[in-house]
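Here's the structure, in structure tokens; my notes come after.
Quick note: numbers below take in every heavy atom, side chains included, and nothing from hydrogens, waters or symmetry partners. Every chain is numbered from 1 and lettered A, B, ... according to where its sequence line falls, protein lines coming before strand lines. Just so it is clear, the model here is predicted, and its values are computed rather than measured.
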Amino acid sequence: MKKDKKNKPSKDLPLGFVDRQEKELLVRDFIISNIKEVMIKYGFQYLETPSFEYSDSIGKFLPDKDRPDEGVFSFKDENKWLSLRYDLTAPLARYVAKNYLEIPKPFKRYQLGTVWRNEKPGPGRFREFLQFDADFVGTKSLQADAELCVMISEILEKCGLLKSEYIIKISSRQITEELFKKINLENNDQRLITLRALDKIDRLGWTGVKQLLGKGRKDQSGDFTKGANLSLNNIEIIEKELNKKLPATEDLKEILKIFNDYNFLNFKFDPSIIRGLEYYTGPIFEVNLTGEIKNGKGQVIQFGSIGGGGRYDNLVNNFGNYEAPATGISIGLDRLVYALMQKKDFKIKQSRPVVICVFEKNSMKDYIKLLTTIRDAGISAEIYPGENKLKKQMEYANKINAPAVILYGEDEIKSGKPTLRDLSTGKEKSIAIQEIVNEIKKII
RNA sequence: GCAGCAGUAGCUCAGUUGGUUAGAGCACUAGUUUGUGGAACUAGGGGUCGGUGGUUCGAAUCCACCCUGCUGUACCA
């Protein structure tokens with residue numbers, strides 16, 4: 001036995017992959033059903049694309065020059081490279097380019113799907129996770145961008161979040177573009193470092209960000225991050241510009257007006273939102289939870305946003321000659337699940353079966369008859385799946401959190417009166433079969 | 001990727017300046033109770049002390065490297 005141990009397959013999971021148990025899955029299902037409801041209400045259509053795409057389709061055509069073909073899981077199939085998708089937006093762009101002539105313009109679709117990222121996992125971040133995306137393709141109207149925010153907030157509230165527990169931050173790429181012009185920043189490396197630094201205001205504050213805009217910053221662990229090397233003067237201009245409370249760009253002014261028409265208030269203008277590097281072209285938004293998120297040990301962790309999105313007017317065009325300005329939003333379901341499960345008042349119902357204990361194997365017919373009666377009433381029930389002493393059967397029922405057990409032995413079968421035991425109180429009652437469904441309903 | 005911390009039973013951890021056969025609680029198994037779970041008591045199973053190599057008469061303990069995890073940081077389409 002022990003000798004074999006070395007050759008046994010590993011029970012460990014690959015880095016960043018996790019098993020998910022019922023409790024979590026039920027919360028996820030609950031969120032998904034809310035999403036679907038809202039999506040239908042807002043007039044989006046459902047789409048599914050495959051997990052794999054040609055690597056070209058999801059990598060090469062992205063206008064993000066800073067990113068080489070890394071971070072994806074790939075393999076070579078018949079001389080062509082395939083990759084697991086890393087988001088749902090690139091496949092959407094590919095889908096639209098492929099079906100452009102048939103689809104309605106604009107095209108509104110939503111999609112739920114697993115995506116994979118070959119990178120270091122963090123708290124609440126895995127290498128395989130479920131994403132939800134909703135996009136408008138083929139419209140420049142900012143009505144679309146605004147409606148995405150309204151819609152996402154409806155979903156969150158349907159899931160049980162209060163207005164005070166989340167906020168949608170909005171900004172626009174135009175702001176940083178104008179800022180760069182103002183300080184005459186043309187060097188692409190410096191621009192990238194600046195954008196990344198600005199993205200961290202909420203975490204590091206202006207003190208940290210200013211270090212990153214200048215020479216660099218040392219973090220808690222002593223690790224050093226190189227800065228953008230901007231002049232003090234320019235850093236001050238940036239701080240001043242970005243501290244303006246009101247959005248100055250045309251696109252944001254219009255979105256604010258639309259928000260107002262919708263009577264949508266739960267947003268905040270935040271010019272520090274960057275989201276990705278060269279992907280977005282206009283308004284951008286981010287969905288943030290306002291409360292503290294704790295890990296298993298009770299430590300508060302940096303959770304980041306649970307999703308976001310924005311306008312990407314050039315993505316579809318990369319696949320061909322179709323002009324398809326687009327805007328979309330995506331939510332990481334796992335993070336939302338994680339956050340919801342931490343809410344004290346959030347409970348999801350796990351329905352457990354009533355367990356019928358078996359005494360007389362020869363009377364299986366009677367057991368099944370009783371079982372069927374209960375199940376036909378829409379109540380979850382099972383005959384104890386095994387052959388064990390009553391004690392074992394009770395322990396099993398207790399372990400699975402069954403609401404009740406039914407004891408149905410020789411005498412009970414004869415008299416037609418099973419014994420019903422409420423497992424939370426321990427009280428037992430002898431009940432006629434015709435009455436058993438009603439009695440169970442009182443317990444569950 | 002970089003940095004800090006950690007890795008002892010299924011889980012949470014103890015293990016003194018290196019020293020016989022590595023411990024506890026919870027969980028598990030069996031019994032006290034042959035038709036009764038959640039409590040108690042009794043007994044039991046379970047560990048190449050993350051891995052490899054080194055120092056030593058002797059390593060869970062010291063050293064090196066690797067792996068894994070946590071936290072921060074970087075990247076994040």
Side-chain angles (χ1 to χ4, degrees), chain A residues 1-3 5-6 10-16 57-72 83 85-93 115-123 125 127 129 131 133 192-193 195-197 199-200 203-204 208 212 216-227 274-280 295-297 299-302 304-305 308-310 312 315 318 328 330 332 355 357-360 384 388-402 404-412 419-428:
Chain A
M1 248 289 262
K2 271 183 184 166
K3 262 187 190 166
K5 216 171 178 178
K6 259 189 183 164
S10 168
K11 294 180 286 264
D12 296 338
L13 288 168
L15 176 67
S57 318
I58 61 170
K60 218 178 188 173
F61 284 106
L62 280 171
D64 186 347
K65 298 176 201 80
D66 187 53
R67 184 183 58 81
D69 229 54
E70 283 174 1
V72 292
S83 297
R85 63 185 175 209
Y86 57 77
D87 72 0
L88 300 177
T89 311
L92 170 66
V115 301
W116 294 265
R117 296 191 182 180
N118 191 359
E119 57 193 32
K120 187 201 153 186
R125 282 187 85 163
R127 297 212 291 180
F129 57 97
Q131 231 182 25
D133 271 49
L192 284 180
I193 296 175
L195 286 176
R196 285 173 186 153
D199 198 27
K200 298 180 178 86
R203 228 166 358 115
L204 307 179
L212 285 172
R217 172 180 178 270
K218 206 187 239 181
D219 68 46
Q220 293 174 18
S221 64
D223 193 24
F224 186 76
T225 310
K226 223 180 83 188
I274 305 296
R275 292 209 64 79
L277 300 172
E278 294 166 64
Y279 183 101
Y280 293 109
N295 67 9
K297 289 175 185 166
Q299 301 166 300
V300 176
I301 54 174
Q302 291 293 341
S305 65
Y312 52 98
L315 194 58
N318 284 300
S330 65
V355 176
C357 296
V358 180
F359 298 85
E360 309 288 334
Y384 175 76
N388 259 319
K389 299 192 265 192
L390 182 60
K391 189 180 163 93
K392 287 280 150 208
Q393 303 192 33
M394 294 292 291
E395 279 170 3
Y396 166 81
N398 187 49
K399 184 87 181 175
I400 65 165
N401 249 321
V405 295
I406 293 173
L407 308 177
Y408 201 31
E410 204 181 349
D411 296 343
E412 282 111 336
T419 302
L420 180 67
R421 182 184 178 95
D422 181 335
L423 282 187
S424 59
T425 63
K427 279 184 186 150
E428 277 179 12

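The partner of B:U61 cannot be assigned: no Watson-Crick or G-U wobble pair with both contacts below 3.5 Å exists in any strand. Nucleotide B:U12 has B:A24 as its partner under the Watson-Crick or G-U criteria, with both atom distances under 3.5 Å. Checking B:U17 for Watson-Crick or G-U wobble geometry (two distances, each under 3.5 Å) identifies no partner in any strand. Across all strands shown, nothing is found opposite B:A77 as a Watson-Crick or G-U wobble partner with both distances under 3.5 Å. Summarising the base pairing, B:G38 is matched to no nucleotide, lacking a Watson-Crick or G-U wobble pair whose two defining distances lie under 3.5 Å. Across all strands shown, nothing is found opposite B:U56 as a Watson-Crick or G-U wobble partner with both distances under 3.5 Å. With a cut-off of 3.5 Å on both Watson-Crick or G-U wobble distances, the partner of B:C70 is given as B:G4. Judged by Watson-Crick or G-U wobble contacts below 3.5 Å, the nucleotide B:U33 has no partner.
By the 4.5 Å heavy-atom criterion applied to side chains, A:Val72 and A:Arg117 are not counted as neighbours. Taking the side chain as every heavy atom from C-beta outward, A:Ile406 and A:Thr419 never approach each other to under 4.5 Å. A:Phe359 is listed as a side-chain neighbour of A:Leu407, based on a closest heavy-atom distance under 4.5 Å. Looking only at side-chain heavy atoms (C-beta outward), A:Ile274 and A:Arg196 stay at 4.5 Å or farther from each other. In this structure the side chain of A:Tyr86 never reaches within 4.5 angstrom of the side chain of A:Trp116, judged on heavy atoms. Side-chain contact between A:Thr225 and A:Leu212 is present, with heavy atoms from C-beta onward closer than 4.5 Å. Between A:Leu92 and A:Leu315, the closest side-chain pair of non-hydrogen atoms is not below 4.5 Å. Put simply, the side chain of A:Arg127 reaches to within 4.5 Å of the side chain of A:Asn118, judged on heavy atoms.
In terms of phosphate contacts, A:Arg203 brings a side-chain nitrogen or oxygen within less than 4.0 Å of OP1 or OP2 of B:U73. Contact between the side-chain N/O atoms of A:Lys200 and the OP1/OP2 oxygens of B:A74 is found at a separation under 4.0 Å. Between A:Arg127 and B:C76 there is no side-chain polar atom (N or O) within less than 4.0 angstrom of OP1 or OP2. Under 4.0 angstrom from either OP1 or OP2 of B:C28 there lies no side-chain N or O belonging to A:Lys392. Phosphate contact (OP1/OP2 of B:A77, side-chain N/O of A:Arg117, threshold under 4.0 Å): absent.
Within 4.0 Å (heavy atoms only), A:Gln131 reaches no atom of the nucleic acid at all. The residue A:Lys389 sits close only to the backbone: its heavy atoms come under 4.0 Å of sugar-phosphate atoms, none of a base.
Rounded to whole Å, the C1' atom of B:U21 lies 14 Å from the corresponding atom of B:G47. A distance of about 13 Å separates the P atoms of B:G50 and B:A14, rounded to the whole Å. Between B:U8 and B:G51, the two P atoms lie 10 Å apart (nearest whole Å). Using P as the reference atom, B:A27 and B:G10 are 16 Å apart when rounded to the nearest Å. B:G53 sits 14 Å from B:C67 when the C1' atoms are compared, rounded to a whole Å. To the nearest whole angstrom, the two C1' atoms, one in B:A40 and one in B:C49, are 33 Å apart. B:G31 and B:U17: their C1' atoms are spaced 45 Å apart (whole Å). When the C1' atom is compared between B:A59 and B:U16, the two are found 16 Å apart, to the nearest whole Å.
Here the C1' atom of nucleotide B:C75 and the CZ atom of A:Phe224 are 17 Å apart, to the nearest Å. Atom pair A:Arg196:CZ and B:C76:C1' shows a separation of 9 Å (rounding to whole Å applied). For A:Phe359 and B:U34, the CZ to C1' distance is 12 Å, given to the nearest whole Å. As a whole-Å value, the separation of A:Lys226 NZ from B:A74 C1' is 13 Å. Note: CG (A:Asp219) to P (B:A74) measures 7 Å, nearest angstrom. Rounded to a whole Å, the CD atom of A:Glu119 is 16 Å from the P atom of B:C2. Atom-to-atom, CG of A:Asn118 to P of B:A77 comes out at 16 Å; the value is rounded to the nearest Å. Atom pair A:Leu212:CG and B:C2:C1' shows a separation of 15 Å (rounding to whole Å applied).
When all heavy atoms are compared, the tightest approach of A:Asn388 to A:Gln393 is O-NE2, 2.8 Å.
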Contact pattern, 5' to 3', of nucleotides 37-45 of chain B - B, S or - by protein heavy atom under 4.0 Å: BB-------

Contact list (N/O, under 3.5 angstrom) for nucleotides 10-12 of chain B vs protein:
none

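For A:Asn398, the side chain to side chain contact (heavy atoms under 4.5 Å, CB included) criterion is met by no residue, not counting sequence neighbours.
In this structure, NZ on A:Lys389 lies 9.5 Å from CD on A:Glu395, to the nearest 0.5 angstrom.
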Worked verdict on A:Leu204 versus A:Arg217 for side-chain contact (heavy atoms from CB on, under 4.5 Å): CA-CA 10 Å; A:Leu204 307 179; A:Arg217 172 180 178 270; 3.5 Å; yes

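Here B:A74 is the nucleotide among B:G35, B:A74, B:C75 with the atom lying nearest to any side-chain atom of A:Thr225.
Residue side chain A:Glu428 reaches the base of B:U36 through a donor-acceptor N/O pair under 3.5 Å, judged by distance alone.
In this structure, A:Gly16 and A:Arg217 both approach RNA chain B, and ranking their closest nucleotides by distance from the 5' end singles out A:Gly16.
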